[in-house]
Amino acid sequence: MITANQLRAARALLNIDQRQMADLADLSVPTIQRMEASDGVIRANVDSLMKLVSALESAGIDLINPGAASATGGRGVRLREHVTNPKMKVKTVRQPKKVLERAR
């Protein structure tokens with residue numbers, strides 16, 4: 001499926017941190033941390049893996065699996081051309097109401 005190395009490489013190509021990856025995939029930061037700490041292929045529940053792979057693909061990442069067409073074989077990641085920045089969830093921050101002083 002996807003390895004921890006592929007996940008870290010994909011984040012580097014997207015120039016995002018673990019928190020942004022978690023937001024993008026609708027997963028928790030500890031889940032992303034556990035995935036990246038895996039040795040080899042990431043082991044997680046199917047739902048989490050599907051969310052992760054879908055988020056990466058939506059952000060323009062192609063996962064290259066063993067046996068796929070490449071110059072030397074092996075796993076990898078590739079950023080598709082003409083991809084805009086990944087759509088991050090925007091959290092609305094309420095601004096405190098400003099108290100206007102009356103001019104005397």
Side-chain angles (χ1 to χ4, degrees):
M1 185 78 166
I2 180 174
T3 66
N5 288 339
Q6 284 177 301
L7 176 53
R8 287 189 298 274
R11 278 195 316 101
L13 283 173
L14 295 172
N15 196 27
I16 60 175
D17 61 21
Q18 289 178 332
R19 178 171 303 188
Q20 291 168 312
M21 184 71 249
D23 286 343
L24 196 64
D26 197 26
L27 297 170
S28 69
V29 174
T31 297
I32 298 298
Q33 291 171 334
R34 278 192 302 275
M35 288 177 167
E36 289 191 2
S38 298
D39 185 27
V41 175
I42 293 173
R43 292 180 182 239
N45 68 49
V46 175
D47 185 50
S48 295
L49 284 172
M50 296 306 292
K51 284 181 175 182
L52 177 68
V53 171
S54 177
L56 290 172
E57 289 175 350
S58 294
I61 294 293
D62 286 332
L63 297 172
I64 304 168
N65 292 312
S70 68
T72 58
R75 292 182 180 269
V77 293
R78 174 179 39 234
L79 182 62
R80 289 190 302 271
E81 290 183 307
H82 309 296
V83 176
T84 59
N85 289 336
K87 294 188 182 340
M88 305 307 286
K89 293 179 183 176
V90 178
K91 294 181 181 178
T92 305
V93 177
R94 289 188 176 203
Q95 297 294 328
K97 292 182 179 180
K98 294 183 180 180
V99 179
L100 300 175
E101 293 182 22
R102 288 186 181 177
R104 293 185 185 206

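All residue numbers refer to positions in the sequence shown, counting from 1.
The CE atom of Met35 sits 8.0 Å away from atom CD1 of Ile2, with the distance rounded to the nearest 0.5 Å. For the atom pair Ile32 CD1 and Arg19 CZ, the distance stands at 12.5 Å (nearest 0.5 Å). Atom CD1 of Ile42 is separated from atom CG of Leu7 by 5.0 Å, given to the nearest 0.5 angstrom. Taking CD of Gln18 as the start and CD of Gln20 as the end, the distance is 11.0 Å to the nearest 0.5 Å. Separation of atoms CG (Leu52) and CD (Gln6) is listed at 10.5 Å; rounding is to 0.5 Å.
Summarising the geometry of Ala25 relative to Ala55, their closest heavy-atom pair is CA-CB, 3.7 Å, with the distance given to 0.1 Å. The shortest non-hydrogen separation linking Ala59 to Leu14 is O-CD2, 3.6 Å. Of all heavy-atom pairs between Met1 and Val41, the closest is N-CG1, 4.4 Å. Residues Ala4 and Glu36 share a closest heavy-atom pair of CB-O, 3.5 Å. Residues Leu56 and Ala10 approach most closely at CD2-CB, 3.8 Å, considering heavy atoms.
Remark: the backbone N or O of Lys51 is not paired with any side-chain donor or acceptor of Ser54 at under 3.5 angstrom. Not a single donor-acceptor pair under 3.5 Å links the side chain of Glu57 to the backbone N or O of Leu63.
In Met50, the CE atom is not crowded: 12 or fewer heavy atoms of neighbouring residues, nucleotides or ligands sit closer than 6.0 Å. Residue Asn45 qualifies as enclosed at atom CG: its count of foreign heavy atoms under 6.0 Å is above 12.
Linking ILVMFWY residues whenever their side-chain heavy atoms come closer than 4.5 Å, directly or via other members, places Val53 and Leu79 in the same cluster.
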